[in-house]
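Data block below; observations after.
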Amino acid sequence: MKFQALFFLLILTCMYLSLAQGSYGNCCLGHVRSLGARAKGKIESYRMQETDGDCNVRAVVFLFKKRAKQTKLTTVCANPNQKWVQDLMITVETRMRRQN
């Protein structure tokens, strides 16, 4: 009986740890300090990451245009409190409105 209880606790612990490790799948863990002019021109859209749920860093996640051979979108995380990030958000919004 003790062995079964111990085994059950071991399984639960392993499941908990595996779920905890996967919680940062789409979260930024840090910020870039700046972006070059070419990189800024290739930004397609952005989304806000708040500090709720699994993510513990507030960030603006910029999504770059896909290249022909890319299968995954490239993203960059920036600090939403910085002036250049706020200016870039306005620029991207303007660009997105023109396309629609």
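Side chains included, hydrogens not; waters and symmetry mates left out as well; all remaining heavy atoms used. Since the structure is predicted, the reported quantities are computational estimates derived from the model, not experimental observations.
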Heavy atoms, side chains only, cut-off 4.5 Å: are Tyr46 and Glu93 in contact? yes

Hey, could you give me the OG/CE distance between Ser45 and Met89, rounded to the nearest 0.5 Å? 12.0 Å

Taking a hydrophobic cluster as the set of Ile, Leu, Val, Met, Phe, Trp and Tyr residues connected by side-chain heavy atoms closer than 4.5 Å, whether directly or through intermediates, do Val76 and Met96 fall within one such cluster? yes

Can you name the closest pair of heavy atoms from Ser34 and Trp84 and give their distance? CA-CZ2, 3.7 Å

Nearest 0.5 Å, what's the NZ-CG distance between Lys65 and Leu73? 12.5 Å

Any side-chain heavy-atom pair of Val60 and Leu88 under 4.5 Å: no

For Phe64 and Ala39, work out which heavy atoms get closest and say how close. CE2-O, 3.0 Å

Should Gln49 and Arg58 count as side-chain neighbours, where that means a heavy-atom distance under 4.5 Å? no

Can you name the nearest heavy-atom pair linking Val92 to Glu44, along with the distance? CG1-O, 4.0 Å

Between Ile43 and Leu35, is a side-chain contact (heavy atoms from CB on, under 4.5 Å) present by the stated rule, with each step listed? CA-CA 11 Å; Ile43 292 174; Leu35 280 178; 4.0 Å; yes

Are Met48 and Leu63 joined in one hydrophobic group, where the rule is that I, L, V, M, F, W and Y side chains link up if heavy atoms are under 4.5 Å apart? no

Closest approach of Arg95 to Gly41 (non-hydrogen atoms, all atoms of both residues): NH1-O, 3.6 Å

Where Gln86 and Pro80 come nearest, the two heavy atoms and their spacing: NE2-O, 3.1 Å

Taking SG to SG, are Cys55 and Cys28 separated by less than 2.5 Å? no

